[in-house]
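These notes concern the structure reproduced below.
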Amino acid sequence: MTTLAFDTETHPFANGLMAPPAVCLQYDEEHEGRAIMVGEAIEGFAHQMLTRCIKHGIILVGQNTAYDMGVLAARDLTLLPLIFEAYDVARVHCTRIRERLLDMAKGNTGPQTRQRGYYSMDALVVRRKLPITVDKKNPWRLRYKELTDVPVADWPEEAVTYALDDPTATRLIYDSQSADARALRYEGFEAEAARQAGFDFTLHLMGCWGVRTSQKRVRELLVRTDARLAELVPLLVGAGIMTAKGSKSTKRIQSLVEASFSQDGMQPPKTGKGAIKTDKETLEKCGHYAELGLVVEHSYLAKLRSTYALKLVEGINGNIHTSFHTLGADTGRTSSSGPNLQNQSKKGGVRECFVPRDGFVFVGADYDAQELRTLAQACLDICKYSRLAEAFKKDPDFDPHTSFACGVMGWTYEDAMARKARGDKEVKERRQQAKAANFGFPGGLGAKNFRGYARGYGVNLDLEEATRLRNQWFEQWPEMKDYFDHVKWVSESGKLVQLRSQRIRGGVGFCDGANSYFQGLASEASKTAVYLVSKACYADPDSPLYGSRPVMLVHDEIILESPEATAHEAAQELQRLMVEAMEMWCPDIPARATPALSRCWSKDAEPVIENGRLVPWDLPQPSAKAA
DNA sequence: GGCATTGGCGCC
DNA sequence: AAAGGGCGCCAATGCC
């Protein structure tokens, strides 16, 4: 199959201008040569290359292809169905994604690979020792805007060369990567690379569309946090913990911690590197110094302000355009940055700042017990049997947490579920304990560390209780013994082949290996769902999702903006496609996803049904009269 | 002043 | 035998 590498030069990229106007579209086609298209020839050639990709099997390659496809789509919306079709037939590639996949396979995922520019074209050319130089210092690199609608014949030579060399370098990188994958005996590399490229495109569209924040709520959030911080600062300065400039002295905090523990006849807890810990848990144990309690509160508010509230201002007049990273995590999970929309606080009114555009409502859905279902599928694939899988098959709404609580307490499942529905306190407590077990133990957690882990779920156990619980957990899910035996074997070679995608993770150990299988599988399902949903939103006029826009993926949760009038239908379709995606990756396990409409993002949002239709959930209105 | 590291913490 | 993992961001600190 022949390859056609392409690239676009555009007006400068900026926040809010995620898919800027194209100046030219250049290509380098194997055996055919190179050319630069400008003006209307851009959409003409784009149409042609996509059609040839779909109908005649040529492979399209780019460096950061999602960006170029976004640029082309913004220029000519009628290209969108063709773009999706080209991704569908798995013949669109991205050299950045491919390089990252190869690095993951080699276990080359250290901090240097997270640096800016590590996957830039010039870096790839150098690292792969390719016979071409990419001139990143070329003065025209960021000046193509000046050449808009200028015939190429009138371009300075440097601008022509730079534009043409990009696709050539891309093609060389692509070939070099294919050879690399063969040398690594990376089965399924090309298919996996094409799949991830498609995911990358739809995640890029999400970032381009962006999400709004409410001016009123952001302002209230800032006023609230600032007011309390203003009260805390003088107290902390007075206690000698904070300098006049407003920064906290870690040293001073550590000496107070040490003093407090020593008054209790104890040694202060230390970090892995030997420093005295200053985290919330430690400070709350320092009863002799009440000011350390103020430090905890200050730290919480400072984080709320700097990491969250201040970043939300951007979304008031413009939109917040995060970057989703398709293979951000070594397990295959996505990540998000600038800002990270995947770790927005559920407390403090942060999520509630996110609101849909006028005329739209949020349509969200999250998977029900996604990682336990992928774990069940992983056990079926690896161990050839799974009690967890059997339970999901028997009851698609199976609740693994209540089930394990029953195993521990000797209750029947039906009885416990009935008690749970009534809000029974004991069931709730035991279920919480079981939840910690079900989330922690599959990753290889030991009894000792489980105690600290469970504390995060509000569960306090001594070592003996933790050990007993762990043993009971292995009795409940006997396949897990075989699962860990397999993981141990894999960790000895360090090469883990992800289930079904065949993506390789190199340099893997025991716990990360144990996590990789089910976390990786879940990430495929979620990304596939985003892909299918985006295609419906952007390119399928017959879909109830057409005209909706995906705005967020938070691992097992997808949020769209949908026109209010058809949001009910959009929600049903979102749910259907999410279930379909999950069952593509976990064909032996039934999947569930729960949709809801809302007027803001919130952990409290739940499905509200009126006259058989979903209607938007909203925050409870504060009563008109305060006391 | 800029850069890298560490500790801490938000989320799934 | 034992073994949570995965992120990104911020403040403080230390080094050049």
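Protein chains get the first letters and strands the later ones, always in sequence-line order, with residue 1 at the start of each. Keep in mind it's a predicted model, so treat the numbers as computed, not measured.
A salt bridge is absent between A/Arg212 and A/Glu561: the closest approach of a Lys/Arg side-chain nitrogen to an acidic carboxylate oxygen does not fall below 4.0 angstrom. Using a cutoff of 4.0 Å between basic side-chain nitrogens and carboxylate oxygens, A/Asp264 and A/Lys285 are not scored as salt-bridged.
Considering only the side chain of A/Val554, B/dC12 comes nearest among B/dC12, B/dG10, B/dG7. Relative to the side chain of A/Arg114, the nucleotides C/dG8, B/dC11, C/dC10 differ in distance, and C/dG8 lies closest. With distances taken from any side-chain atom of A/Cys511 to the nucleotides B/dG10, C/dG5, B/dG7, the minimum falls on C/dG5. Closest approach to the A/Ser345 side chain among B/dC11, B/dG8, B/dC12 is made by B/dC11 (side chain taken as heavy atoms from C-beta onward). Comparing C/dA3, C/dT13, B/dG7 by their nearest atom to the side chain of A/Ser249 picks out C/dT13. Taking only side-chain atoms of A/Thr250, from C-beta outward, the nucleotide of C/dT13, C/dG5, B/dG7 with the closest atom is C/dT13.
Taking the six-membered ring for Trp and the full ring otherwise, A/Phe439 and A/His401 have centroids separated by under 6.0 Å.
Interface remark: the A/Asn343 side chain does form a donor-acceptor pair with the B/dG10 base, using a distance-only criterion of under 3.5 Å.
The interatomic distance linking A/Ile559 (CD1) with B/dC12 (P) rounds to 11 Å, in whole Å. Per the geometry, CG belonging to A/Asn515 stands 12 Å off C1' belonging to B/dC12, to the nearest Å. Note: CZ (A/Arg351) to C1' (B/dC11) measures 7 Å, nearest angstrom. At whole-Å resolution of the value, CG in A/Asp279 and C1' in C/dA11 are 15 Å apart. Taking atom CG of residue A/Leu304 and atom P of nucleotide B/dG10, one finds them 9 Å apart after rounding to whole Å. Counting to the nearest Å, the C1' atom of B/dT5 and the CD atom of A/Gln115 are 12 Å from each other. For A/Leu301 and C/dA11, the CG to P distance is 14 Å, given to the nearest whole Å. The distance from atom CZ of A/Arg116 to atom P of B/dA4 is 13 Å, rounded to the nearest whole Å.
For A/Lys248 and B/dG8, the shortest distance from a side-chain N or O to OP1 or OP2 is not below 4.0 Å. For the OP1/OP2 pair of B/dC12 and a distance below 4.0 Å, the side-chain nitrogens and oxygens of A/Lys346 include at least one atom meeting the criterion. Residue A/Lys311 places at least one side-chain N or O closer than 4.0 Å to OP1 or OP2 of C/dC10. For the OP1/OP2 pair of C/dG5 and a distance below 4.0 Å, the side-chain nitrogens and oxygens of A/Arg505 include no atom meeting the criterion. Side-chain N/O atoms of A/Thr271 include one lying less than 4.0 angstrom from OP1 or OP2 on B/dG7.
For CZ of A/Arg219, the number of neighbouring non-hydrogen atoms (other residues, nucleotides, ligands) closer than 6.0 Å is 12 at most.
Residue A/Arg252 is out of contact with every strand shown, counting any heavy-atom pair closer than 4.0 Å. Among the protein residues, A/Lys488 comes within range of the nucleic acid bases, having at least one heavy atom under 4.0 Å from a base atom. Residue A/Arg470 is classed as having no contact, given no heavy-atom separation below 4.0 Å to the nucleic acid. Nucleic acid contact for A/Lys303: base, since at least one base atom lies under 4.0 Å from a heavy atom of the residue. Here A/Arg305 lies out of heavy-atom contact (under 4.0 Å) with every strand. Heavy atoms of A/Glu557 sit nowhere under 4.0 angstrom from any nucleic acid atom. Within the nucleic acid shown, A/Gly338 comes within 4.0 Å of sugar-phosphate atoms alone, with no base atom in reach, counting heavy atoms only. If you check every strand for non-hydrogen atoms under 4.0 Å, A/Ser299 touches nothing.
Note that the CZ atom of A/Phe404 and the CZ atom of A/Arg431 stand 13.5 Å from one another [nearest 0.5 Å].
Among residues two or more places apart in sequence or in another chain, the side chain to side chain contact (heavy atoms under 4.5 Å, CB included) test is passed with A/Lys488 by A/Glu492, A/Phe510. Under the side-chain hydrogen bond (donor to acceptor under 3.5 Å, both in side chains) criterion, A/Lys495 pairs with no residue at all, not counting sequence neighbours.
Ring-plane geometry between A/His204 and A/Tyr67 is classed as perpendicular, the angle between the planes exceeding 60 degrees on a 0 to 90 degree scale with a lower cut at 30.
Side-chain contact of A/Tyr517 with A/Asp381: a donor-acceptor pair under 3.5 Å is absent, judged by distance alone.
The stretch residues 330-337 of chain A touches DNA chain C through A/Asp330, A/Thr331, A/Arg333, A/Ser335, A/Ser336, A/Ser337, each having a heavy atom within less than 4.0 Å of the strand.
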